[in-house]
Amino acid sequence: MAWLRVAALEEVRDKEILPLTVDGQRIALYWLDGEVFAIGDVCTHQVAILSDGFVEDGCIECPLHQGRFCVRTGKAQGAPVTEDLPAFLTKVEDGAVFVDPDRPAAAAADAGLESEAPEPNDSAPDNRCMVIVGAGQAGGRAAEAARKAGYSGKLVLIGDEPTAPYERPPLSKGILTGEASEKDLLLFSPEELNRLALDFRPGLTVRRIDRDARQLTLGDGTVLGYDGLLLATGARPRRLEIDGGDLKGVLYLRSHADAQILKQALGAAQAVAIVGGGFIGLEVASTAAATGKRVTVLERDARLVSRILPAEISEDLADRARAAGVDIRTDVDVAGFDGSNGTVSAVRLASGETVPSDLVIVGVGAIPNVELAREAGLSVDGGIVVDATGRTSDPAIFAAGDVANYPHAPNGGPMRLESWQNAQDQAAAAGRSLVGAETRYEGVPWFWSDQFGLNIQILGIPDPHGAVRRRGGAEEGPSAWFQINPDNTLRAVFAFSDAAAIREGRNLMSRGNTVPEDLFETRQSDSRPEGCIGKAVTPATTPVPYIWPEGGMNRIPDWVYTSDEIYQREVERIFHGRSWNYVALEAEIPEPGQFVRSFVGPTPVVVVRGEDGAVNVFENRCAHRAAEFCREQRGKVTEFVCPYHQWTYDLEGNLSGVPFRRGVGGKGGMAKDFDPTQHGIRKLNVTTRRGVVFASFHDDMESIEEYMGPEILTDFDATFDGRKLTILGYYRNTVPGNWKLYHENLKDPYHATLLHTFLVTFGLLVAGNKSAMIADATGRHGTMASAKSDGKTVDSAAKSEMRAYRDGMVLNEPKFMDFIPEFDSPWSVTMQTIWPNLIVQREMNTLGVRQIVPKGPNEFVMNWTMFGYEGDDEEMTRHRLRQGNLMGPAGFLGLEDNEAMKFVQDGMLRGNDGEHLVALDPETPTGTSDTLISESAIRGMYAYWRKEMGL
Amino acid sequence: MSFMSKPIIGEAAVAGGFRKPTGEESRGLRAELEDFNAQYSLVLDEGDLQVWPEFFTEDAFYSVTARENFDHDMPVGLVHCEGKGMLKDRAFAIQHTAMFAPRYLRHYITNTLAIGVSDDGAVVARANYMVLETLHDDPTTHIHQAGSYHDIFARGTDGALLLRRRICVYDSLIIPTALVFPV
Ligand SMILES: Cc1cc2nc3c(=O)[nH]c(=O)nc-3n(C[C@H](O)[C@H](O)[C@H](O)COP(=O)(O)OP(=O)(O)OC[C@H]3O[C@@H](n4cnc5c(N)ncnc54)[C@H](O)[C@@H]3O)c2cc1C
Ligand code: FES
Ligand SMILES: [Fe+2]
C-alpha cells in the first residue's frame, strides 16, 4: 500500500486527536507541537480506544487503566502497558494528511526521549553505596529512578522473593484467568534490568539495620555497609488466627507464588468463600463467578469496601456483584473453618451457621512490614513516617510504597496508601531523593480495580462517611460519584467505567479549581468527525469499551459477534494462538507430494505429504512478494513454484530456488549474504490423530489428545475408529454470521428440538430422548449426543411444547433415515465442536468433518468433507449419501441452521448494540449438562473465550 | 446404471448404446428439450414443488453437486435422491417442515443440446443453467449458482420426455448460505 490521504490538516489541527479506521486498522492522528503523528488506537493492555484518553507531555493516556504511550513513536511508557503501539509514517501535502498504513515509522525517533539521565560522569566516579531493601514494585521503581537521576555508584537491590521485581495487580485478575503470564508482571525485561546495572540479590532477607554503623545484617549472615538506604518492604496479608485457619484450602493472596496456588485451586473448586469484602477479595470473587463457581463473600462490616467507599457506592457495587451471581453477605463474623481430612469444607460463622466451601480466600487487609524500621528506632506510625521527599526520621534512610506513611496533601494527612500508583510515583521520588536529587511527591492519589465487568477508578483520598453526588445512569453506561470539600473543591472521584470523570476530576484537582455545576450533567459520548477522504478511510465509529456486561455469563454482548477489533484479536489469540486447527484428512493426501489447500483461521495454508510420508503444513504465501502461490485446490507435485518470480519451495516449505539469485553478468541479484534457509515459508506445527490433521501457529502445544481432553476424545475415537477413510466429496458454503454462532448452534441442544421439525417428526431427537451435552474441562469443545428413538415414545405433553412436532408425516423412502449400527458408542448421533475450527459430524451413518474459515466478524465459510470407510460396499456408500440429505447447505437440518444463524447476525447488524440472553438451566452454570433444555455449554465456551481474549 | 458414473458424452454416448443424432434429429430434439426445460423451470420458479417430481421416472436419479466433486468422481451431492420417492420426500420436507427466509428463484436454461439418442427414444442431453435468488427483503438479486445439467431422458407411456437422471453440476466452489429449492 502507498500513501493514503486520510484527513484534512485543518481538521487534525482543530480536533488535536482524530480517530480513523484506515484499511481496517484503527489509527489516531495527533497534532503535537505543529506536527502530525499517527499511531495505533487500540491499547495494547486491554481493548480500549486510546483516542478517548487524554494527551499529556507528548503521551496519550489510556482511559481504561491509564497506560501511557508516546504519541511520536507509539512506545509504551511502562506499566500497565508493556507492548508498544504501531506508529505510522505521515506526511502533509497541500493541506492534507497522508498515512502509509503499511509502513511503520522509524523507531529511531525515540532516541532522546529517554535520555533524561545525564551521562554518567567518568571523571569523578561515585563511590557511594546505596541499598534498597524490598524488590517489589516500589523497590524496583526507586532503583530505576535513582539511575535515571544520573546516579552511577553502587546500587544494591535486596528482596526476599526469588523473582525479579513485579507488579501485583494482575495477581487477582489476569493471572487467575490465565490471560496474563508471569512475564507480563515483570517491571523490567531482562535487558532493562541489565541496563540498570544493579547488584540485585533475590531470595535474600535483610535482618537488621545498624544505623550508627550504617550497616545491614543479611539473612546469609553477611554484613553490608550503606551510604543511603531505602526501605520498600511492602506489606503482607493480615492472617486470621482462628480455628481451622491452617486447613488446606484456606488461602491468602499477595505474591506470585500465592496466585499460582490460588489459580490451581480455583480450577478444581466448586464453592468458593471469600472472607473480606475489599477490592482484592471482590476481584477474586468476580473471576471465580465468571468461571461458573458458586461464590459467597463474607464481610464483617455492614457493607463492602467500607474503609474506602461511601455507602451509596458500596451498595451499587454489591448490586452488581449480586447480578453476577455472587452471594454477598455483610454483618457476618467468621468464627472458624471446618474441615475434613485436613481440607476446608465450610466456613463457620459466629452465629453458628456454616457456609459450605471447598476453597476459602482470605482478604482482610494488609500489615505493613515495618519491623526492620521499628527495631532500628525509626519513627513508625502505622507505616514508616516519611516527608514529601520520602525521607524518614534518619536523614540517610528513605521509605516508599505500601510501607511508607506519607503526608498526602491536602485532605489526606499522613497516611499509608496501598496502591499501584503510589508504589510507582512516590517510590520514584524517594529513589531520586535517595541519591541526592531531592524530589517531592505531590501526585493526586489514584487507584483502580477491575471486577464484574466494571473498571473502577478512584481519584483523591475519599472520606468513606462523606456525602457524594452521582452523575450518570443507574444500570447501564458509566457512572461516577463526586465528593466535594467544604470550599467547593473536589475531594474525590469514584468512577465505574467512566474514564472521562477521572480525567475531568484530575484536571480540577491538580489545579485546585472549584467544582463547576455542569460536572454533574451526564456526558454524551463525543461526536465523531466526518468526511474523511480516501476509499479505505472511514471515521472511526463511536468507540466501544469492550467490557463484558454485568450479570456474569448469562448475557453476551453483540460486539462479541460484530466487532472488527474483536475479530482481529480472535485471529491473533485464538486461530493463531494456542490452538490446534483442523486442516485436512490424511485420506485426501495418501501419497508423497499430494497436497490440498486449506486454512488456519482466515490464513491460507498448504497441507502436503512430504517425501518422508509426514504431513507438512505451511502458509500459502510466497516469502518473496506474498503471493498466494498454490492455486489448485488439490494435486500432486514434487515442489511448489510461485508463478510470479518462480521462487521454488520443497515439500517442507524450504526455499530451494531463487532465479537469478547471483544476478546477471555480476550485476543485480540478491546480496551475497542472502541465506535461503532464512527465507522459507512460515511453517506450522502439525499433529494428526486417527487420520485427522491439525496445525498450529504455536510451536509449543500440548498433544492433540490433551488438547481435546478425555470427554471429547472418546466420541472422536468412536467416529475415527481406526478404519481407513474414503473421501466422498465436499460441500462448501458461506454463512453470513459470526463463526462462533456455529459453535453455539452445536452447543445448543435446545434448538434442535424446536427448529428442526424434520428431526422431531421422525423421532431422531425429541426432548425426552436419551441425550447429552458434553463439554471438556476448559469449556471450549463440546459433544452434542443423542440416541435414536422410534418417535412413538413422545408423550403428548412433550409434543404440545414442540411446535415442530407433526404427527403422521410419512416418508416415501423411510430407509434413508435408518441407522445401521457400526460404532462402539451408545450414541447414534454425535456432533462434536473441536475448538476453534472443526466440527465432527456423525449423524447416524452420514459422516463428515466441517472446517470453519472465518471471513471477518460477519461471515464464515464452511468446508464439509464427507467420508465413509474403506470396506463400505456400494449399498453402504449409497446409504451414507442418501442420508447426506440431512446435512450440508441443502440438508433438511443444515439449511435451517444456516438460515437461523443469518437471522441472528441480521438481528445484531440491524439493531442497536444489545445483548444475547443465554440463561437456560441456571443449575448448571457452565459445561456439561444432562438436559437438552440448557445453554450451559455456550456459557462455558464464552468463559473460556473471555480468558483467551483477555476480556 | 451406477449413480456415480459420469455422463455419457460424445463418442462414449455412441458406445453406450446411444448414437449421435443427425442434424435434423438434433434440431427436433432441441425443440422438445427446450420445451421440457421451460416447463421444468416454470414449475420451480412458481414454487410448485409437489409437481416437480412428475418430471422424473420412478427410478430417476437426481443430484446437485459441485464441479469440484463431479470432475474428481466424488459422488456426494448437496441433494442426492435415488428414486422418485426421495424426490417427493424432499419436495414435502421443504414445503412443510423447513425453516428458511422467504425467497424467489428463477431458472435460466440455455444451450440445450441432445448429444446421444437411442432407438427406444432415450436421449442424452446437456444444458447450461443459471439460478438467480431473490430474498424478499434484499434489494438485489444474486446468482445462486451457474452450471450445467447432465441429463438422461426416457420416454413415458405417452411418449413424452421424462428425466431418468439429472445431475446439476455447479461451477463455483462455494455456494451462498443455503440451497433451499431444487435446481
Ligand atoms: C492481589 C493484589 C491486587 C492488587 N491490585 C491493585 C490494583 O488493582 N490497583 C492498585 O492500585 N493497587 C493494587 N494492589 C496494590 C499494589 O500492588 C501494592 O500497593 C504494591 O504492590 C506495593 O508495592 P511495594 O513495593 O510497596 O510492596 P510489595 O510489592 O509488597 O514489595 C515489597 C517486597 O519487599 C519484600 N520484603 C519485605 N521485607 C523484606 C526484608 N526484610 N528483606 C528483603 N525483602 C523484603 C517483600 O517480600 C516484597 O517482595 C494490589 C495488591 C495485591 C496484593
Ligand atoms: S491501560 Fe489500556 S486497557 Fe488497561
Ligand atoms: Fe441445528
Side-chain angles (χ1 to χ4, degrees), chain A residues 633-634 726-737 755-761 804 806 809-817 846 848 853 859 861-867 874 877-878 880-885 887-903 906, chain B residues 2-5 53 58 61-103 135 137-138 142 144-145 168-170 172-183:
Chain A
Q633 205 57 35
R634 62 180 58 75
T726 49
I727 309 295
L728 299 178
Y730 303 88
Y731 317 144
R732 303 178 197 272
N733 63 275
T734 58
V735 179
L755 171 65
H756 300 312
T757 319
F758 197 88
L759 270 185
V760 175
T761 309
R806 299 174 70 95
M809 175 175 156
V810 281
L811 288 169
N812 287 285
E813 294 288 349
K815 68 175 193 273
F816 111 97
M817 293 300 289
T846 184
V853 181
E859 189 183 53
V861 167
M862 199 81 211
N863 289 317
W864 311 57
T865 307
M866 309 304 291
F867 60 86
E874 176 169 330
T877 303
R878 293 167 77 133
R880 296 195 199 287
L881 294 169
R882 287 189 299 256
Q883 213 160 59
N885 280 299
M887 292 297 171
F892 298 133
L893 316 184
L895 81 85
E896 293 181 316
D897 288 323
N898 291 4
E899 289 287 294
M901 281 178 255
K902 173 175 160 46
F903 293 178
D906 282 351
Chain B
S2 166
F3 62 95
M4 295 194 207
S5 70
E58 286 300 324
F61 174 69
Y62 174 81
S63 148
V64 183
T65 193
R67 188 153 181 176
E68 170 187 25
N69 295 322
F70 189 76
D71 285 354
H72 291 89
D73 296 322
M74 288 185 288
V76 298
L78 295 184
V79 179
H80 181 104
C81 297
E82 291 177 33
K84 196 167 174 176
M86 283 189 79
L87 292 168
K88 287 183 177 166
D89 288 343
R90 176 162 276 269
F92 183 88
I94 296 296
Q95 236 169 0
H96 299 289
T97 76
M99 190 290 295
F100 49 87
R103 67 196 64 208
L135 295 172
D137 58 355
D138 192 334
H142 302 274
H144 191 279
Q145 50 179 262
C168 316
V169 181
Y170 58 88
S172 62
L173 205 58
I174 302 175
I175 66 148
T177 317
L179 173 70
V180 178
F181 297 112
V183 175

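The basis for the numbers below is simple: all heavy atoms, side chains too, and nothing from hydrogens, waters or symmetry mates. Per chain, numbering begins at 1; letters A, B, ... match sequence-line order.
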field: A:Gln633, part contacting chain B, at a heavy-atom distance under 4.5 Å
entry: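 Answer is side chain: those atoms of A:Gln633 sit under 4.5 Å from chain B.
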task: Please look at A:Arg880 and chain B and tell me whether the side chain, the backbone, both or neither of the residue comes under 4.5 angstrom of a heavy atom of that chain.
output: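 Looking at A:Arg880, nothing touches chain B.
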- prompt: Who pairs with B:Arg90 by salt bridge (charged side-chain N to carboxylate O under 4.0 Å, His left out), at least two apart in sequence or on another chain?
  reply: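 In terms of salt bridge (charged side-chain N to carboxylate O under 4.0 Å, His left out), with neighbours along the sequence ignored, B:Arg90 is linked to no residue.
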- prompt: A:Phe892 and B:Ala93: which non-hydrogen atoms are nearest, and at how many Å?
  reply: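 Looking at all heavy atoms of both residues, the shortest contact is CE2-CB, 3.7 Å.
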- prompt: Closest approach of B:Thr97 and A:Glu896, non-hydrogen atoms and distance?
  reply: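 Result for this residue pair: O-OE2, 3.3 Å.
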query: So, A:Glu813 and A:Arg882, do they make that salt bridge, N to O below 4.0 Å?
result: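 A:Arg882 and A:Glu813: not salt-bridged.
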query: Say you draw a straight line from NE2 of B:His72 to OH of A:Tyr730; how long is it, rounded to the nearest 0.5 Å?
result: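 Spacing of NE2 (B:His72) from OH (A:Tyr730) equals 9.0 Å.
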- prompt: Based on non-hydrogen pairs under 4.5 Å, which of A:Val861, A:Leu895, A:Leu728, A:Thr726 is most in contact with chain B?
  reply: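 Option with the top pair count is A:Leu728.
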Heavy-atom pairs under 4.5 Å with chain A: which of [options] has the most?
{"options": "B:Ala98, B:Gly83, B:Ser63", "result": "B:Ala98"}
{"options": "B:Ser172, B:Ala66, B:Cys81, B:Gly77", "result": "B:Gly77"}
{"options": "B:Leu87, B:Val180, B:Thr177", "result": "B:Thr177"}

